2 protein chains.
Amino acid sequence: MKIERQSKILELIKQNDIETQSELLEKLNAEGFSATQATVSRDIKELRLVKIPGSNGAYKYACETVSEDESQSNSYLFSTAVTNIDYAHALVVIKTKVGMAQAVCAALDSTNRAGVIGTIAGDDTIFVATRSDSASAGLVSDLKKLISDKSISFS
Amino acid sequence: MKIERQSKILELIKQNDIETQSELLEKLNAEGFSATQATVSRDIKELRLVKIPGSNGAYKYACETVSEDESQSNSYLFSTAVTNIDYAHALVVIKTKVGMAQAVCAALDSTNRAGVIGTIAGDDTIFVATRSDSASAGLVSDLKKLISDKSISFS
DNA sequence: CATAGTTTTGAATCATTATACTATAGATTT
DNA sequence: AAATCTATAGTATAATGATTCAAAACTATG
């Protein structure tokens, strides 16, 4: 239950501007998840989400992400070297051009991303062990965005 | 006044782990700035600081876009993955958790450390060829320091 | 300098979030 | 199976943070 709920939370905060935990709770309820504010608070802590002061003067919850500088240089590396990204449960698989996996993996490691337990790189493949399905989904989503946008930010 | 105070706030949250606005307020007072929690709250909003759930279970204030320097992120990787370090003459042997050796080795390579001739990683073991006994000793010492100084934090 | 407008601030309060405590369900051991 | 442990989640409350409102401190302009 916890995993599904946290996964849904990630989905919700990506799709909506959510200002408070109560608001998030409402949306969770609307999706059929029953929980309390206390639980949401704990989920937020585990997911390492942050409440950021938005530009419009309001607050919203967002995923913690990599810094801008890093993401720019990493973006270049990723978009030139990565050929495919997929995942199954708590394992993300990144395919790269031959010989590039080590470099990409080091870059990925340097982001010290929450939810990532460990990585191992071969020659053209990286396995990323994550803490959960939702962590995998989040990572894949962010990486794809990084590659396509060449920029990543709080969303 | 506002500018100086906000500047000091940035300085304070970079140098300290500050968990609450009250705590920040105390430090501000100690620096000769008189303000109230309300003002601090507003400053935080303007500066777009975030309260992030830290890895140690505590919260802390941090800049929205955080750049962790290389040594910090490597420190994290090393401290989570490395289980033992030893050396004999010009060979350092690093034992890691299963599957982590490649990642650790890539991180180690990325430091381009002087005195290191080459590295090779298996599944849970890394061999580091160095130029001399003393190069080995230095590397081991530095790695151990990096690991013990495992405070991984946004700064 | 006087006045109007703007910005900043504090006090009090309201709103939000974190956590201590407890209960329960599932797993593990004896 | 009974006993013990572990993880999860709810309740109630404490802790923390945001905001309203009014006053003070600035700024600009005639």
Side-chain angles (χ1 to χ4, degrees), chain A residues 1-13 16-64 89-90 114-115 117 129-135 154, chain B residues 1-14 16-64 153-154:
Chain A
M1 191 82 284
K2 190 182 168 190
I3 299 297
E4 290 86 341
R5 188 185 56 243
Q6 293 190 345
S7 171
K8 177 60 74 177
I9 286 175
L10 285 175
E11 191 185 318
L12 286 170
I13 68 159
N16 308 273
D17 280 9
I18 293 179
E19 299 194 17
T20 67
Q21 295 182 359
S22 309
E23 197 181 330
L24 179 54
L25 187 54
E26 280 178 23
K27 292 205 191 299
L28 274 177
N29 289 338
E31 296 273 352
F33 290 86
S34 97
T36 62
Q37 176 267 322
T39 299
V40 171
S41 172
R42 286 184 276 248
D43 283 342
I44 283 171
K45 188 171 189 177
E46 282 182 32
L47 292 168
R48 304 191 51 149
L49 303 181
V50 293
K51 190 183 189 182
I52 63 172
S55 42
N56 56 355
Y59 289 83
K60 66 181 282 197
Y61 279 99
C63 288
E64 167 199 353
H89 300 291
I117 298 170
T130 71
R131 206 166 297 287
S132 63
D133 290 21
S134 58
F154 291 89
Chain B
M1 191 83 276
K2 190 181 169 190
I3 301 296
E4 290 88 338
R5 188 186 57 243
Q6 293 191 344
S7 169
K8 177 60 75 177
I9 286 176
L10 285 174
E11 190 185 319
L12 285 170
I13 68 157
K14 273 172 192 161
N16 308 274
D17 280 9
I18 293 178
E19 298 194 18
T20 68
Q21 294 183 357
S22 309
E23 198 180 329
L24 179 54
L25 188 53
E26 279 177 24
K27 292 205 192 299
L28 274 177
N29 289 337
E31 296 273 353
F33 290 86
S34 100
T36 62
Q37 177 265 322
T39 300
V40 171
S41 173
R42 284 185 278 247
D43 283 342
I44 282 171
K45 188 171 189 176
E46 283 183 30
L47 291 168
R48 304 192 51 148
L49 303 180
V50 293
K51 190 183 189 182
I52 63 171
S55 43
N56 56 356
Y59 289 83
K60 67 177 287 196
Y61 279 99
C63 289
E64 177 190 354
S153 61
F154 292 87

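The structure displayed is predicted, hence computed values, not measured ones. Chain letters run A, B, ... following the sequence lines, proteins first and then strands; every chain starts at 1. The figures that follow rest on heavy atoms only: side chains count, while hydrogens, waters and symmetry mates do not.
A salt bridge between Lys14(B) and Glu11(B) is absent, with no side-chain N of the basic residue lying under 4.0 Å from a carboxylate O of the acidic one.
As rounded to whole Å, 14 Å separates atom C1' of dT8(D) from atom CD1 of Ile9(A). If you measure from atom CD of Gln6(A) to atom C1' of dT8(D), you get 11 Å, rounded to the nearest angstrom. For the pair Tyr59(B) OH and dT17(C) C1', the interatomic distance rounds to 8 Å; values are reported in whole Å. In this structure, the CG atom of Asp43(A) is 10 Å from the P atom of dG10(D), given to the nearest Å. Between Gln21(B) atom CD and dT16(D) atom C1' the separation is 7 Å, expressed in whole Å. If you take CG of Leu47(A) and P of dT17(C), they are 15 Å apart, rounded to a whole angstrom. The CD1-C1' distance, from Ile44(B) to dT19(D), rounds to 15 Å in whole Å. At whole-Å resolution of the value, CG in Leu25(A) and C1' in dT17(C) are 13 Å apart.
Proximity of Ser41(B) to Thr36(B): side-chain heavy atoms (C-beta onward) are nowhere separated by under 4.5 Å. The side-chain heavy atoms of Leu24(B) and Asn16(B), taken from C-beta on, include no pair separated by under 4.5 Å.
Rounded to the nearest 0.5 angstrom, Tyr61(B) OH and Ile52(B) CD1 are separated by 11.5 Å.
Between Arg5(A) and dT8(D) there is no side-chain polar atom (N or O) within less than 4.0 angstrom of OP1 or OP2. Between Tyr61(B) and dG17(D) there is a side-chain N or O to OP1 or OP2 distance below 4.0 Å. The side chain of Lys45(A) places no N or O atom within less than 4.0 Å of a non-bridging phosphate oxygen (OP1 or OP2) of dT17(C). Taking 4.0 angstrom as the limit, Lys51(A) places none of its side-chain polar atoms (N or O) nearer than this to OP1 or OP2 of dG17(D).
Across all strands, Ser41(B) comes closer than 4.0 Å to base atoms (heavy-atom distances).
Of the candidates Lys2(A), Arg5(A), Gln21(A), Lys8(A), Asp43(A) forms a side-chain hydrogen bond (donor to acceptor under 3.5 Å, both in side chains) with just one, namely Arg5(A). For the side-chain contact (heavy atoms from CB on, under 4.5 Å) test with Phe33(A), the passing option among Ile9(A), Leu12(A), Leu25(A), Leu28(A) is Leu28(A); the others fail. For the side-chain contact (heavy atoms from CB on, under 4.5 Å) criterion with Ile18(B), the lone passing option out of Lys60(B), Lys51(B), Glu26(B), Lys27(B) is Lys27(B).
Taking a 4.0 Å limit (strictly below) on heavy-atom distances, residues 28-39 of chain A reaches DNA chain C at Gln37(A), Ala38(A).
Each of Arg42(A) and Ser22(A) has a nearest nucleotide on DNA chain C; the 5'-most of these lies closest to Ser22(A).
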